[in-house]
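Below is one structure, written out as structure tokens; the observations come after it.
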2 protein chains.
Amino acid sequence: MQNTIGSLRRAPVNVVAGGVPELCAQCDARHIGLCDALHDDDLHFLASVAQQVSIEKGRGFVTEGDPARQFFNINHGTAKLFKDLPDGRRQITGFVGAGDFIGLAANATYMFGAEALEPVQLCSFDRAELRAVFARFPAIERRLLDVASHELIIAQEQMLLLGRKTAVERVASFLDGWGLRVASCQGGATRLDLPMTRNDLAEYLGLTVETISRALATLRKQGVVAVGADHVISILNPARLTAIGQAEG
Amino acid sequence: MQNTIGSLRRAPVNVVAGGVPELCAQCDARHIGLCDALHDDDLHFLASVAQQVSIEKGRGFVTEGDPARQFFNINHGTAKLFKDLPDGRRQITGFVGAGDFIGLAANATYMFGAEALEPVQLCSFDRAELRAVFARFPAIERRLLDVASHELIIAQEQMLLLGRKTAVERVASFLDGWGLRVASCQGGATRLDLPMTRNDLAEYLGLTVETISRALATLRKQGVVAVGADHVISILNPARLTAIGQAEG
DNA sequence: CGGCTATTTGAGTCTAGTCAAAGCCTGTGG
DNA sequence: CCACAGGCTTTGACTAGACTCAAATAGCCG
């Protein structure tokens with residue numbers, strides 16, 4: 001738990017509660033993601049091998065190259081997953097939120113890093129223990145395969161974006177996709193409250209901060225979005241946004 | 001089986017033999033990939049639900065958007081998987097060869113297209129039947145989860161490449177990675193016999209044909225590789241190639 | 001009210017894309 | 001066996017979209 005790899009350090013995690021089945025009762029992710037595949041008694045068993053953990057904003061909780069001893073399931077908050085090059089270039093491979101499972105992209109060691117964008121609460125599972133859970137509840141393993149399938153689809157979509165789309169198309173794709181995840185409407189326009197900075201966006205979309213800013217300006221001038229303060233973006237013309245993101249016009 | 005989606009058409013496939021257990025005896029993929037997870041008698045059962053199929057060079061055998069009724073396991077040959085944008089831009093998401101499993105990135109429909117780069121032989125499994133196999137042999141399902149995990153790692157590595165690496169770094173990464181897959185040595189130099197064209201390479205690496213050509217010229221001038229005829233590339237300085245591909249030099 | 005960071009905007013540069021043409025290979029057919 | 005057609009690859013010249021560097025602005029937090 002105190003492993004030091006490169007210049008990074010495994011973040012100390014704050015254990016709030018362990019082994020309590022009631023921890024699922026008010027979990028944001030209870031009815032999505034992995035846990036939704038379980039009946040109440042199965043969930044009880046799963047909870048018995050889970051450790052609930054809180055991670056403060058900005059804290060890294062997975063370091064690439066560290067031995068992959070644990071899986072995580074996010075209950076609350078958003079985190080970024082990323083891969084770095086030796087000279088500091090970073091590619092964010094995904095943003096994860098409530099219900100998302102972390103740790104599939106690992107063999108003996110984690111093949112990615114993870115850091116909280118907001119205060120994050122998650123359930124941590126020991127890999128060895130989870131294997132025992134699989135043996136008892138094949139439904140979980142099957143669900144995990146579905147999760148992996150879905151992540152593969154997302155990953156390939158992202159390859160298309162990174163390899164072939166223009167800056168404006170990338171930003172439109174992202175906003176469109178994020179809109180599907182967390183949508184709150186207000187006066188007809190969908191209002192996105194993004195947990196990430198422009199820099200995170202740039203590292204996710206294979207661009208620079210400046211290009212992100214200019215692309216948003218372009219979409220704003222076209223009346224597709226409105227850019228507000230504090231990472232708020234309103235989607236004024238959803239159909240147009242989708243079309244741009246999918247390179248249909 | 002005669003579905004027409006967009007302007008593409010499901011390729012007619014040539015059934016060579018069906019339901020014969022002996023078909024595994026001389027399969028290139030018998031001891032790699034999915035089938036390696038099985039004991040002989042389990043394999044016998046798996047073979048009973050497999051259809052062996054031959055696909056000619058250049059023929060597409062999966063169309064994005066078609067109902068995903070089948071999984072495939074490649075026995076021999078190489079194919080490309082890809083996603084297209086409406087205006088023709090294409091991103092190849094991966095090359096698959098003997099032992100590779102195709103079809104994980106699908107829900108109700110395939111989320112990618114596939115086309116043979118060389119004559120391909122594969123085993124085709126009906127999705128419903130494969131589910132029955134899972135129930136009987138959990139080992140296969142577990143192996144499939146490992147396969148999906150591994151593909152996720154590869155996909156994220158590719159995102160790093162597409163989002164953050166330069167043209168020369170991308171080409172070096174590719175040659176380095178391909179060298180690990182199929183390596184035949186000759187006079188100290190590893191000789192790669194690529195089944196894909198420069199255009200395929202470009203569509204895989206998020207570049208254009210011309211840029212691929214120039215990047216190869218750069219690596220050649222640096223004495224890292226030798227570029228021969230008929231898609232043959234010799235790796236003269238493997239260490240340097242790896243370093244360039246991982247942006248360490 | 002500052003101090004700090006994040007974001008936007010501007011000016012100039014550079015990497016990779018586009019357009020064009022020549023060279024090579026392959027495979028075919030005389 | 002050689003000539004030719006067609007596709008693939010390489011090279012050159014120019015362009016463009018995104019990056020870099022720099023500075024101004026805006027927002028957040030104590």
Side-chain angles (χ1 to χ4, degrees), chain A residues 56-58 80 85 87-92 117-119 161-175 192-221 225-233 244 247, chain B residues 56-58 80 85 87-92 117-119 161-175 192-221 225-233 244 247:
Chain A
E56 65 187 277
K57 175 174 174 175
K80 58 182 175 186
L85 289 176
D87 62 3
R89 279 174 280 175
R90 168 171 292 186
Q91 179 63 38
I92 292 180
L117 294 176
E118 323 169 89
L161 180 150
L162 292 170
R164 290 291 175 233
K165 290 186 183 174
T166 66
V168 173
E169 287 166 355
R170 292 182 202 202
V171 172
S173 283
F174 170 77
L175 293 176
L192 303 183
D193 220 325
L194 303 177
M196 70 287 287
T197 67
R198 298 283 189 269
N199 194 56
D200 291 328
L201 232 41
E203 290 176 342
Y204 181 56
L205 299 176
L207 300 168
T208 60
V209 203
E210 295 94 329
T211 302
I212 296 286
S213 192
R214 284 186 246 268
L216 280 171
T218 301
L219 291 173
R220 178 168 44 74
K221 285 169 197 160
V225 303
V227 181
D230 200 18
H231 300 170
V232 169
I233 292 180
I244 295 173
Chain B
E56 65 187 276
K57 175 174 175 175
K80 58 182 175 187
L85 289 176
D87 63 1
R89 279 174 280 174
R90 167 169 290 185
Q91 179 65 36
I92 292 179
L117 295 176
E118 322 169 273
L161 179 148
L162 292 170
R164 290 294 176 229
K165 291 185 183 176
T166 66
V168 173
E169 286 166 355
R170 292 180 201 203
V171 172
S173 283
F174 170 76
L175 293 175
L192 302 184
D193 220 326
L194 303 177
M196 71 288 286
T197 67
R198 296 284 189 267
N199 193 56
D200 292 327
L201 233 41
E203 290 177 342
Y204 181 56
L205 298 177
L207 300 168
T208 60
V209 205
E210 296 93 330
T211 301
I212 296 288
S213 193
R214 285 187 247 268
L216 280 172
T218 301
L219 290 173
R220 178 168 44 74
K221 284 169 196 159
V225 304
V227 180
D230 200 19
H231 301 171
V232 169
I233 293 179
I244 294 173

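Numbered from 1 within each chain, the chains take letters A, B, ... in sequence-line order.
By the side chain to side chain contact (heavy atoms under 4.5 Å, CB included) test, A/Ser173 is found to be paired with A/Leu161, A/Lys165, residues two or more places apart in sequence or in another chain being considered. Scored by the salt bridge (Lys or Arg N to Asp or Glu O under 4.0 Å) test, B/Asp230 finds no partners at all (sequence neighbours excluded). Every residue two or more places apart in sequence or in another chain was checked for a side-chain hydrogen bond (donor to acceptor under 3.5 Å, both in side chains) with A/Arg220, and none qualifies. Residues satisfying the side-chain hydrogen bond (donor to acceptor under 3.5 Å, both in side chains) test with A/Thr197, not counting sequence neighbours, are A/Asp200.
The line from CZ of B/Arg170 to CG of B/Leu162 is 5.5 Å long, rounded to the nearest 0.5 Å. For the atom pair CD1 of A/Ile233 and CG of A/Leu219, the computed distance is 9.0 Å after rounding to the nearest 0.5 Å. If you take NZ on B/Lys80 and CZ on B/Arg90, they are separated by 5.5 Å, rounding to the nearest 0.5 Å.
When all heavy atoms of A/Ala247 and B/Arg89 are compared, the closest pair comes out as CB-NH2, 3.4 Å. The two residues A/Pro195 and A/Glu118 make their nearest non-hydrogen contact at CB-CD, 3.7 Å.
Rounded to 10 degrees, the angle separating the terminal axes of the helix from C/dC1-D/dG30 to C/dG30-D/dC1 is 40°, with each axis obtained from five end pairs.
Taking atom CG of A/Leu162 as the reference point, atom C1' of D/dA18 lies 14 Å away to the nearest angstrom. Rounded to whole Å, the distance from CZ on B/Arg89 to P on D/dG17 is 12 Å. For the pair B/Arg164 CZ and D/dA18 C1', the interatomic distance rounds to 11 Å; values are reported in whole Å. In this structure, A/Glu169 atom CD and D/dG17 atom P are separated by 12 Å, rounded to whole Å. For the pair A/Ile233 CD1 and D/dG27 C1', the computed distance is 15 Å after rounding to whole Å. Across the protein-nucleic acid pair, B/Leu117 atom CG and D/dC8 atom C1' stand 15 Å apart, rounded to whole Å. If you take CG of B/Leu219 and C1' of D/dT10, they are 15 Å apart, rounded to a whole angstrom.
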Side chains of residues 201-214 of chain B: which donor-acceptor pairs under 3.5 Å do they make with residues two or more places apart or in other chains?
unit_1, atom_1, unit_2, atom_2, d
B/Thr208, OG1, B/Thr211, N, 3.4
B/Thr208, OG1, B/Thr211, OG1, 3.0

Give every pair of a protein N or O atom and an N or O atom of nucleotides 28-30 of chain D that lie under 3.5 Å apart, one pair per line with the distance.
none

Per-nucleotide protein contact along nucleotides 2-13 of chain C, 5' to 3', at a 4.0 Å heavy-atom cut-off (B base, S sugar-phosphate only, - neither), is ----SSBBBB--
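For D/dC19, the OP1/OP2 oxygens have a side-chain nitrogen or oxygen of A/Thr208 closer than 4.0 Å.
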